[in-house]
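Take a look at the structure set out below.
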Number of protein chains: 2
Amino acid sequence: MASDQTRSAILAAAERLYADRGFGDVTLRDIVAEANVNLAAVNYHFGSKDELIAELFVTRSIQTNRERLNELRAAEEKGGGRAAIEDIMRALVGPTLRGCLGPDREGSTAARFMIRASIESVPPIRRIKNREVDHLRKFAAAMRRAMPGRDDTELYWGLHFALAMAHHTIREKERLLRLSEGKCDLDDVRAIIDRVVTVSVMALTIGDVPSRPATRPTLVHGRLTRQDL
Amino acid sequence: MASDQTRSAILAAAERLYADRGFGDVTLRDIVAEANVNLAAVNYHFGSKDELIAELFVTRSIQTNRERLNELRAAEEKGGGRAAIEDIMRALVGPTLRGCLGPDREGSTAARFMIRASIESVPPIRRIKNREVDHLRKFAAAMRRAMPGRDDTELYWGLHFALAMAHHTIREKERLLRLSEGKCDLDDVRAIIDRVVTVSVMALTIGDVPSRPATRPTLVHGRLTRQDL
DNA sequence: TTGCATTTCAAACATTTGTATGAAACTATC
DNA sequence: GATAGTTTCATACAAATGTTTGAAATGCAA
């Protein structure tokens with residue numbers, strides 16, 4: 001068998017098994033059985049189990065990051081170099097949410113693998129995630145261009161909350177479904193993205209609206225009002 | 001030695017070690033060495049390693065849940081049976097954030113353990129978390145009383161997003177710190193709670209404000225506008 | 001003290017798991 | 001078709017780990 005076939009078979013089997021049963025449950029022996037290759041093949045082709053997991057995660061992360069940056073670039077071109085803030089947030093959370101939610105995505109191994117990686121955080125994946133900061137800085141820069149003059153702190157918090165809502169929705173979609181007794185439609189990805197983007201942009205405009213509606217009178221405390229003064 | 005002393009020593013040692021080094025890194029032998037008890041004591045007193053972890057997590061969860069419900073009850077008494085929505089959200093996210101963030105909390109083993117449990121999700125903990133839905137329903141009910149007539153779906157999404165921001169801030173505080181180059185002050189717990197509560201309530205008022213400020217014109221899509229019609 | 005129940009202890013068990021080895025099979029180049 | 005490089009394979013290795021065991025120690029009541 002050509003060397004690449006074995007490599008690919010291992011990657012595919014590992015991703016499928018990890019996605020279905022989690023990292024803690026799947027051994028190399030499970031993987032090689034599923035891939036119909038020899039046990040030693042994993043170490044021969046990848047060096048170690050951790051490097052196999054890392055390669056899986058890096059591959060999928062790069063795909064997501066590329067999609068994000070493509071959307072961001074498209075938004076910036078649309079806006080003549082300066083993207084609208086909602087388009088930036090959409091580029092940030094859209095690819096991840098589209099990749100991991102939705103009815104047809106149930107069968108997507110890649111998506112289920114990324115959800116699993118988000119729930120069970122194993123050392124090789126944690127190491128990679130730590131490098132994600134550089135990628136996020138590009139979004140912070142775009143946000144700064146979109147909202148010039150705004151305090152950087154507010155930008156970072158907005159970025160952080162956007163990721164919070166997106167990732168938590170993916171991580172805890174089962175719980176939200178159960179809590180809401182099915183009322184929250186987790187298959188309508190478009191609506192979810194809209195919702196996350198809307199709230200993210202609202203978070204970024206804290207202290208922005210001169211006169212707050214009377215329905216929420218006492219919400220602002222502490223350092224949140226700096227922009228109003 | 002009295003039986004309870006051994007039990008307590010194991011619990012304390014296990015919580016400390018898990019908090020510092022994570023579940024994957026700590027073996028029963030590490031724990032009994034730290035606790036100065038015999039290896040077999042863990043199985044004698046707890047039955048199994050998983051039951052030990054479960055007991056640790058249940059204990060801390062109960063504490064948090066009790067704090068939450070106390071705050072909720074206080075808010076409802078203050079409002080004469082119907083708590084203000086921002087007080088409800090504050091009762092929901094306040095205890096967790098206060099427990100896990102802040103400068104002096106660095107030394108709190110319990111807090112660090114809960115952060116660890118949030119990052120590394122091991123099977124015994126996952127099983128317990130699945131039962132958390134019942135607890136959250138009490139908050140959903142309070143929210144329903146505070147915002148009568150509002151679509152339940154909106155309530156659940158707001159609750160979900162509030163937890164998203166709180167938990168993600170705890171999980172990813174290191175990354176946010178690094179991304180913002182220290183600009184986001186994660187020691188000012190009060191300000192963080194205010195921020196999360198503010199955004200949560202804003203999320204709940206989607207489609208609530210009759211005329212949206214011109215600064216965010218095109219944010220609402222899809223099913224988000226149902227309340228406006 | 002005697003007797004009974006609880007607790008502790010050292011040691012062994014039984015797996016599981018990732019990794020290494022060395023020979024065999026295969027592939028491609030000359 | 002011989003040779004060198006690559007890949008596969010069965011098997012062994014070594015270490016870690018949760019759990020069990022049966023005896024010894026301890027505590028406690030009668």
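Just so we're on the same page: letters track the sequence lines, and every chain starts at 1.
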Modelled atom types, side-chain donor and acceptor of B/Asp151 and B/Thr153, under 3.5 Å:
yes
Whole-Å distance, A/Tyr44 OH to C/dA23 C1', equals 15 Å
Do any N or O atoms from the side chain of B/Arg190 and from the backbone of B/Arg98 form a donor-acceptor pair under 3.5 angstrom?
no
Could you tell me whether the side chains of B/Glu51 and B/Ser48 share a donor-acceptor contact shorter than 3.5 Å?
yes
Who pairs with B/Glu34 by salt bridge (charged side-chain N to carboxylate O under 4.0 Å, His left out), at least two apart in sequence or on another chain?
B/Arg16
Does B/His45 place a side-chain N or O at less than 4.0 Å from the phosphate oxygens OP1/OP2 of C/dT6?
no
Hey, are A/Arg66 and A/Gln63 close enough side-chain-wise for a donor-acceptor pair under 3.5 Å?
no
Gap between atoms CG and P, on A/Asp4 and D/dT6 respectively (whole Å)
14 Å
Tell me which residues in residues 120-128 of chain A lie within less than 4.0 Å of DNA chain D, going by non-hydrogen atoms.
none
Check whether any side-chain N or O of A/Arg171 sits under 3.5 Å from a backbone N or O of A/Ser118 as a donor-acceptor pair, and report yes or no.
yes
In whole angstroms, the gap separating P of C/dT8 from CG of B/Asn36 amounts to 13 Å
Roughly how many Å is it from CD in B/Gln5 to P in D/dG27, rounded to a whole number?
11 Å
Could you encode protein contacts along nucleotides 11-22 of chain C as a string, one character per nucleotide from 5' to 3', using B for base contact, S for sugar-phosphate-only contact and - for no contact, with a heavy-atom cut-off of under 4.0 Å?
-B----BBBBB-
Check: B/Glu76 side chain, B/Ala83 main-chain N or O, donor-acceptor pair, under 3.5 Å
no
Once the angle between the rings of B/Phe57 and B/Phe113 is folded into 0 to 90°, is it parallel (under 30°), tilted (30 to 60°) or perpendicular (over 60°)?
tilted
